[in-house]
Novice: 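To start, I am sharing the structure in question, which I have written as structure tokens.
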Number of protein chains: 2
Amino acid sequence: MNLKQLAEALGLSQTTVSRALNGYPEVSEATRRRVVEAAAQHGYSPNARAKGLATGQAMAIGLVIPVSDQQEMVNPVFGDFLAGAGEACSALGYEMVLSVVEGDEAAVYRSMKARGSVDGVVVSAPRLGDPRPALLDGLGLPFLVHGRISGYEAPYSWIDVNSRSAFRRAAGFLLDLGHRRVGLVNGEEIFDFAHRRRRGYGEALAERGLPETADLVVQGEMTEDFGHDSARAMLARPDPPTAFLVSSLICALGVRRAVEELGLVMGRDVSIVTHDDALSYFQNGGDVPIFTAVRSSVREAGRRAARLLIGRIETPGAPHAQDLLEAQLLVGESTGPAPRARKTAP
Amino acid sequence: MNLKQLAEALGLSQTTVSRALNGYPEVSEATRRRVVEAAAQHGYSPNARAKGLATGQAMAIGLVIPVSDQQEMVNPVFGDFLAGAGEACSALGYEMVLSVVEGDEAAVYRSMKARGSVDGVVVSAPRLGDPRPALLDGLGLPFLVHGRISGYEAPYSWIDVNSRSAFRRAAGFLLDLGHRRVGLVNGEEIFDFAHRRRRGYGEALAERGLPETADLVVQGEMTEDFGHDSARAMLARPDPPTAFLVSSLICALGVRRAVEELGLVMGRDVSIVTHDDALSYFQNGGDVPIFTAVRSSVREAGRRAARLLIGRIETPGAPHAQDLLEAQLLVGESTGPAPRARKTAP
DNA sequence: CGGGGCTTCCAAAGCGCTTTAGGAGGCCCT
DNA sequence: AGGGCCTCCTAAAGCGCTTTGGAAGCCCCG
């Protein structure tokens with residue numbers, strides 16, 4: 001059933017039917033009701049492509065998922081982020097198209113723009129000095145960054161967690177418990193969020209007049225293995241850390257594994273604070289979390305990201321929107337005062 | 001830059017340019033080269049909507065992600081599945097559109113069909129007696145099921161892991177190590193894959209003349225918590241299991257946590273075999289996996305799913321394709337012979 | 001009674017592409 | 001010389017919608 005057929009069935013012109021369905025005022029209420037009813041009854045909904053062609057809008061936003069080769073990682077937060085963004089999109093009548101790309105993202109954006117398949121894109125996992133915003137501005141494709149880009153000066157819209165503040169508070173919490181050697185198991189610092197987390201950690205140390213020790217900081221892909229191996233290595237040093245600040249829950253599980261392998265008890269011998277994206281399939285316990293964590297829901301971030309982006313698309317002239325989420329510091333069972341005499345690993 | 005402009009710039013008709021770019025034979029090689037070069041130089045690519053309108057094809061496949069309310073889970077394998085499907089789609093010139101929906105999936109499919117926004121869909125996480133295939137057949141929307149549907153009799157295309165065989169072998173492996181009480185921590189058995197896994201487990205027991213004990217089987221949402229709580233409960237019984245067969249790696253982490261909380265040693269006191277979707281961010285160790293596992297890459301499944309679906313879209317008449325993946329049983333460090341005298345939990 | 005101003009509808013153009021139907025040329029054959 | 005058949009190209013219709021530019025009918029007012 002298309003518009004023409006519906007119009008014929010109703011004995012009206014296509015114009016009138018179209019206007020009735022799109023809420024234009026030039027049609028009487030009686031006619032509108034009649035049209036809407038008939039549309040529902042025949043299960044008519046306008047062809048998205050034809051509508052898009054006519055209006056010049058795709059009613060879709062794009063997400064680009066960068067993956068490297070076979071073995072590389074798909075960011076585990078994507079699922080929840082997508083779910084959040086998807087909710088918001090559906091609610092606003094938009095679709096989400098995603099594009100998995102290894103290598104040249106620029107080409108993907110260019111093609112999205114040229115083919116008109118989306119009205120805007122979400123830029124995720126921005127790196128330091130990320131070239132994408134400049135590219136997108138150049139293309140005239142609206143975008144929203146999930147995260148921020150330290151180097152970029154032009155105004156842009158973003159949503160982000162206050163990583164620096166979160167990690168400053170988390171590190172401060174550990175230091176206030178008496179820990180003096182706090183290991184930082186960070187994400188790769190080419191990513192802006194990891195960079196900010198590192199800064200927050202450094203600030204907490206500096207505020208207390210403590211030096212930042214290079215051998216207590218590592219960065220890498222946030223897998224369980226990476227957490228485990230990093231913690232093992234640090235705990236094997238002559239002066240091992242008594243606490244860890246970890247960049248993701250998955251990674252923290254690795255750290256815990258390392259701690260337990262050495263016969264140490266988490267929360268007594270070694271404290272752990274982790275960032276927690278509140279992933280739905282990986283809940284960090286109930287009322288009292290297993291891990292003390294700085295928590296911020298990535299699903300909520302997804303919802304807001306989509307809303308902000310769509311806002312930008314629909315009113316391009318409006319000033320850029322920013323949304324800074326504060327993480328909650330939730331105390332769980334993985335932290336406690338620094339041990340007096342540190343038991344050394346066997 | 002659109003077709004008209006490009007044609008003008010070249011001094012050719014739109015027809016010729018279109019044909020040159022789409023590889024039709026009615027245009028000389030010299031002209032084709034000229035056209036292709038000019039297109040590349042001007043960065044022309046055809047407008048997807050206009051092309052879709054003209055051809056009646058969306059060049060897109062749909063994935064529907066069902067989520068329930070706020071607190072419900074987003075399947076953690078979606079990220080990797082999407083990555084795989086995305087790879088295949090890009091390679092074949094298709095886009096992937098996803099739709100997050102809580103509640104009425106039927107409405108989403110109907111609207112996708114009516115609006116013509118996709119050429120086919122992937123049906124994921126099928127349940128027993130799932131109504132979706134019948135609905136989609138009725139709508140005439142091509143689909144591919146990731147999984148199988150035990151009740152459905154009409155022919156359809158699917159890709160699936162041989163869950164029954166995998167779990168039969170996994171359970172058999174444990175039983176052959178001398179374990180007599182093997183707990184099954186399964187996914188929700190409304191899902192077809194969980195149902196099949198349960199059957200495989202039962203078959204392994206039956207083959208060895210052992211009874212299936214109801215108190216050793218649980219099903220639920222496969223979270224870390226669920227694994228933990230289920231294992232705790234089973235291990236607290238008077239005659240606790242000496243081994244667990246677990247439906248996901250995330251869940252297995254919970255089981256391990258329960259085991260270790262009780263002061264037991266995994267691989268010595270309690271053996272664990274888990275299903276492993278080979279999620280990129282959750283690698284189960286290196287050469288010698290941490291967990292003994294039946295492994296099957298969900299990313300590969302995504303790749304194949306997209307390819308099969310696109311095949312169906314492009315040659316609708318062809319017979320339905322099926323693809324049954326066998327999982328590998330990889331022995332890691334979480335399994336060992338059944339302990340002689342079981343140490344009871346404190 | 002005629003014209004201005006509503007309200008309510010319609011015909012047709014246009015969005016950017018594909019594709020059908022057809023038309024120059026050139027070459028060969030009779 | 002003229003017809004037939006290639007090869008290479010073009011004009012124009014059409015995909016299903018929105019939207020511009022009226023136009024018909026009606027009411028009111030002078």
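All of these numbers come straight from a predicted model, not from anything done at the bench. Order of the sequence lines sets the chain letters (A, B, ...), proteins ahead of strands, with each chain counted from 1.
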Novice: When you measure from the side-chain N and O atoms of K51(B) to the phosphate of dG16(C), is any distance below 4.0 Å, counting only OP1 and OP2?
Specialist: no
Novice: Does the distance from a Lys or Arg side-chain N to an Asp or Glu carboxylate O, for E300(A) and R303(A), drop under 4.0 Å?
Specialist: yes
Novice: Rounded off to whole Å, could you give me the CG-to-C1' distance for the L3(B) and dT19(C) pair?
Specialist: 13 Å
Novice: Given dT7(D), is OP1 or OP2 found less than 4.0 Å from the side-chain N or O atoms of Y24(B)?
Specialist: no
Novice: In whole Å, I'd like the distance from the CD atom of Q57(B) to the C1' atom of dG16(D).
Specialist: 17 Å
Novice: Would a 4.5 Å heavy-atom cut-off, applied to side chains only, mark Y44(A) and L21(A) as touching?
Specialist: yes
Novice: Rounding to an integer number of Å, can you tell me how far L10(B) CG sits from dC8(D) C1'?
Specialist: 15 Å
Novice: For R34(B) and L10(B), which heavy atoms make the closest approach, and how far apart are they?
Specialist: NH2-O, 3.5 Å
Novice: For Q5(B) and dC15(C), what is the distance between atoms CD and P respectively, to the nearest whole Å?
Specialist: 11 Å
Novice: Nearest-Å distance, CG (N2(B)) to P (dC17(C))?
Specialist: 5 Å
Novice: When the distance from CG of L53(A) to P of dC15(D) is rounded to whole Å, what number comes out?
Specialist: 13 Å
Novice: Does the plane of the ring in Y156(A) sit parallel, tilted or perpendicular to the ring in W158(A)? Use 30° and 60° as the thresholds.
Specialist: tilted
Novice: Side chains of R148(B) and L324(B), heavy atoms from C-beta outward: is any pair under 4.5 Å?
Specialist: yes
Novice: With heavy-atom distances below 4.5 Å as the criterion, would you say the side chains of I313(B) and Q57(B) are in contact?
Specialist: yes
Novice: Would you list the protein and nucleotides 23-26 of chain D atom pairs, both N or O, that sit under 3.5 Å from each other?
Specialist:
none

Novice: Name the one of R307(B), R304(B), R299(B) that satisfies salt bridge (charged side-chain N to carboxylate O under 4.0 Å, His left out) with E87(B)?
Specialist: R299(B)
Novice: Please confirm whether the backbone N or O of R49(B) pairs with a side-chain atom of R49(A), one donor and one acceptor, at under 3.5 Å?
Specialist: no
Novice: Quick one: pull up NE2 in H146(B) and CG in D192(B) and give me the separation to the nearest 0.5 Å.
Specialist: 12.0 Å
Novice: For a quick test of reading the model: is some side-chain N or O of N47(B) closer than 4.0 Å to OP1 or OP2 of dC17(C)?
Specialist: no
Novice: Can you check whether N22(A) reaches K51(A) side chain to side chain, under 4.5 Å on heavy atoms?
Specialist: yes
Novice: Just wondering, do C89(B) and V100(A) contact through their side chains at under 4.5 Å, heavy atoms?
Specialist: no
Novice: For the helix from dC1(C)-dG30(D) to dT30(C)-dA1(D), how many degrees between its two end axes (five pairs per end), to the nearest 10°?
Specialist: 80°
Novice: Please state whether the phosphate of dT18(C), meaning OP1 or OP2, lies under 4.0 angstrom from any side-chain nitrogen or oxygen of N22(B).
Specialist: yes
Novice: What does the B/S/- profile of nucleotides 7-14 of chain C look like, 5' to 3', with a 4.0 Å heavy-atom cutoff to protein?
Specialist: -BBBBB-B
